[in-house]
Amino acid sequence: MNFIPLDYEALRLIWWLLLGILLIGYAIMDGFDLGVGALLPFVAKNDDERRIVINVVGPVWEGNQVWLILGGGAIFAAWPALYATSFSGFYLAMMVILIAIILRPVGFKYRSKIADPRWREIWDWALFIGGFIPALILGVAVGNVLRGVPFEFDDTLRVFYRGGFFGLLTPFALLAGLVSLCMLLTHGAAMLTLKTDGPIAERARTYGRITAIATIVLFALGGLWVAYALDGYVVTSVQDVLGPSNPLNKTVVAKTGAWLANYSAHPWMMIAPVLGFLGMLIAILGFSGRLAWITFLGSAIGILGIISTAGLSLFPFLLPSSLAPNASLTVWDASSSHLTLWIMLLATCVFLPIVLVYTAFVYRVMRGKVTTASLGKNPNAY
């Protein structure tokens with residue numbers, strides 16, 4: 001492909017970076033939606049307060065879902081082997097997430113159809129489930145990626161997943177799920193302090209401080225587990241970074257602590273876990289000092305650092321196999337063709353800025369705090 005100005009290696013690296021950006025974008029933009037939903041029954045004590053909390057995220061959650069769609073689309077088009085393998089292995093888990101996410105728009109629409117406290121309480125708990133379950137299971141999925149997923153390929157590169165749903169619920173994976181849950185609860189609490197005031201904001205600050213401290217402790221515990229008790233994976237053969245994608249053309253071994261090798265080889269990568277801890281510490285200080293924007297920025301930095309830590313630890317792996325390590329998917333052997341990656345990059349350069357500009361416009365239009373008075377003036381409020 002002489003007309004493509006970027007070689008195959010560069011495009012693969014760019015799309016690995018773009019995938020990370022899209023996943024981080026989803027966690028920051030839709031993460032506070034999940035966190036607010038999971039906090040709803042605890043920060044709001046009456047119907048007016050619950051309407052305020054719901055309307056913090058009600059007008060924007062659909063737009064925030066774009067990041068999930070973009071991330072899924074990027075995996076499908078840029079990393080087809082990863083898409084096929086992960087959707088086979090995590091099929092039931094993804095269905096649970098999908099069902100939980102569907103509860104969110106249904107809860108928004110149906111909650112106010114009947115002015116019955118019991119009816120509304122049912123939908124409030126549905127909204128709680130719609131935030132709690134995805135926040136937990138998405139972290140469990142990342143934990144299973146770090147552990148390795150039991151899949152293999154036959155000679156024709158057909159993928160076979162050999163695990164089950166409950167096999168995903170290992171202690172380390174559940175720990176990763178708790179990190180994700182606490183991280184997004186913190187982000188949701190930060191958004192509530194930014195968009196509300198009075199008792200709701202005070203309760204959000206209390207819960208936010210607790211979940212931010214829990215995130216720091218659990219993230220540190222996960223790091224120790226990865227360093228001393230979890231097998232990572234290492235490619236021991238030479239990979240052709242410019243060659244066609246074939247995950248069976250390499251040799252991989254499992255080794256305890258191997259996920260930390262990148263930090264020894266490239267010390268600059270340590271900025272990722274540092275940002276994870278620093279961001280959550282800033283969020284704690286922001287909650288205590290009633291500095292809403294600082295709090296939200298800190299929680300966003302923490303999310304950036306925590307997710308980047310997982311991605312940098314795994315590199316160049318995308319999905320390691322615990323069953324057949326040589327079949328593990330890496331950046332160099334699981335991508336689409338050179339031409340496909342280039343065409344997709346051109347499309348991304350056109351459409352991603354449009355998404356960013358439109359998102360910024362929407363948030364500018366909807367700026368300001370949500371109050372009982374503002375809901376009374378808005379006929380479209382939930």
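Note that these values count all heavy atoms, side chains included, but never hydrogens, waters or copies made by symmetry.
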Mind checking what makes side chain to side chain donor-acceptor pair (under 3.5 Å) contact with [X], not counting sequence neighbours?
X: N246; value: none
X: T156; value: D154
X: S313; value: Y263
X: Q239; value: T330, D333

Give me the atom names and distance for the closest heavy-atom approach of [X] to [Y].
X: S245; Y: A334; value: OG-N, 3.7 Å
X: V234; Y: A258; value: CG2-CB, 3.5 Å
X: V53; Y: A44; value: CG2-CB, 4.0 Å
X: A176; Y: G139; value: CB-O, 3.3 Å
X: L22; Y: A74; value: CD1-CB, 3.7 Å
X: N144; Y: L168; value: ND2-O, 2.8 Å

Non-hydrogen side-chain atoms of [X] and [Y] separated by less than 4.5 Å:
X: L11; Y: I4; result: yes
X: F315; Y: L13; result: yes
X: W16; Y: L19; result: no
X: T85; Y: V149; result: no
X: W15; Y: M344; result: yes
X: L345; Y: L18; result: yes
X: Y233; Y: L314; result: no
X: T256; Y: L230; result: no

Go through the steps for N262 and L312 under the test side chain to side chain contact (heavy atoms under 4.5 Å, CB included), then give the verdict.
-> CA-CA 7 Å; N262 284 338; L312 292 172; 5.6 Å; no

For side chain to side chain contact (heavy atoms under 4.5 Å, CB included), just list the numbers for L323 and Y161, CA-CA rounded to whole Å, side-chain angles, deciding distance to a tenth of an Å, and then say yes or no.
-> CA-CA 9 Å; L323 182 62; Y161 177 73; over 6 Å; no

Any pair counted as salt bridge (Lys or Arg N to Asp or Glu O under 4.0 Å), so long as it reaches residues 11-39, sequence neighbours left out =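 Passing the test, one end in residues 11-39: D30-R104.
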
For residues 200-222, the salt bridge (Lys or Arg N to Asp or Glu O under 4.0 Å) pairs (sequence neighbours left out) are E49-R203, E202-R205, E202-R290

Keeping the roles fixed (side chain from [X], backbone from [Y]), state whether a donor-acceptor pair exists under 3.5 Å.
X: H338; Y: L242; value: no
X: T193; Y: A190; value: yes
X: D7; Y: A10; value: yes

Which pairs count as ring-ring contact (aromatic ring centres under 6.0 Å, His included) when at least one residue sits in residues 191-214, sequence neighbours excluded?
-> none

Would [X] end up clustered with [Y] when hydrophobic side chains under 4.5 Å apart are linked, directly or stepwise?
X: L184; Y: L297; value: yes
X: I99; Y: I133; value: no
X: L356; Y: I14; value: yes
X: M280; Y: V274; value: no
X: Y91; Y: F166; value: yes

Look at atom CD1 of I271 and say whether more than 12 heavy atoms of other residues, nucleotides or ligands are closer to it than 6.0 Å.
-> no

Return yes when atom CH2 of W119 has more than 12 non-hydrogen atoms of other residues, nucleotides or ligands closer than 6.0 Å, and no otherwise.
->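 Enclosed: over 12 neighbouring heavy atoms sit under 6.0 Å from CH2 of W119.
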
Who pairs with I24 by side-chain contact (heavy atoms from CB on, under 4.5 Å), at least two apart in sequence or on another chain?
->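 Expected list: I28, L304, I307, S308.
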
side-chain contact (heavy atoms from CB on, under 4.5 Å) partners for F277, two or more places apart = I216, F219, A220

Relative to each other, are the rings of F108 and W61 parallel, tilted or perpendicular (30° and 60° limits)?
-> tilted

For residues 66-83, pull every pair meeting side-chain hydrogen bond (donor to acceptor under 3.5 Å, both in side chains), keeping only residues two or more places apart or in separate chains.
->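 Those involving residues 66-83 do not exist here.
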
For residues 344-366, pull every pair meeting side-chain hydrogen bond (donor to acceptor under 3.5 Å, both in side chains), keeping only residues two or more places apart or in separate chains.
->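 Counting only pairs at least two positions apart or across chains, the side-chain hydrogen bond (donor to acceptor under 3.5 Å, both in side chains) contacts touching residues 344-366 are N64-Y363.
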
Reported [atom1]-to-[atom2] distance for the pair [X] and [Y], which is rounded to 0.5 angstrom:
X: D197; Y: K369; atom1: CG; atom2: NZ; result: 5.5 Å
X: F287; Y: S299; atom1: CZ; atom2: OG; result: 6.5 Å
X: T170; Y: L175; atom1: OG1; atom2: CG; result: 9.5 Å
X: L70; Y: L23; atom1: CG; atom2: CG; result: 10.5 Å
X: I101; Y: L68; atom1: CD1; atom2: CG; result: 6.0 Å
X: I102; Y: M95; atom1: CD1; atom2: CE; result: 7.5 Å

Extract all donor-acceptor atom pairs below 3.5 Å that involve side chains of residues 122-130 and protein atoms in other chains or at least two apart in sequence.
residue, atom, partner, partner atom, Å
D124, OD1, R111, NE, 2.5
D124, OD2, R50, NH1, 3.1
D124, OD2, R111, NH2, 3.4

Verify the distance criterion only: is there a donor paired with an acceptor across the side chains of S321 and S328 at less than 3.5 Å?
-> no

T295, L275, I294 screened by side chain to side chain contact (heavy atoms under 4.5 Å, CB included) with I282, the one that passes =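 The passing option is I294.
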
Would S335 and L341 count as a side chain to side chain contact (heavy atoms under 4.5 Å, CB included) if you check the C-alpha gap in whole Å, the side-chain angles of each, and the deciding distance to 0.1 Å?
-> CA-CA 8 Å; S335 74; L341 295 182; 4.1 Å; yes

Lys/Arg N to Asp/Glu carboxylate O, D231 vs K255, below 4.0 Å |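 Between K255 and D231 there is no salt bridge, as every charged N stays at least 4.0 Å from the carboxylate O atoms.
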
Determine the sole option in Y228, W259, W225 for which the ring-ring contact (aromatic ring centres under 6.0 Å, His included) test with F172 is passed.
->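 Running ring-ring contact (aromatic ring centres under 6.0 Å, His included) over Y228, W259, W225 with F172 returns exactly one hit, W225.
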
Go through the steps to decide whether K250 and W332 satisfy the test side chain to side chain contact (heavy atoms under 4.5 Å, CB included), and finish with yes or no.
-> CA-CA 10 Å; K250 64 181 180 299; W332 315 122; over 6 Å; no

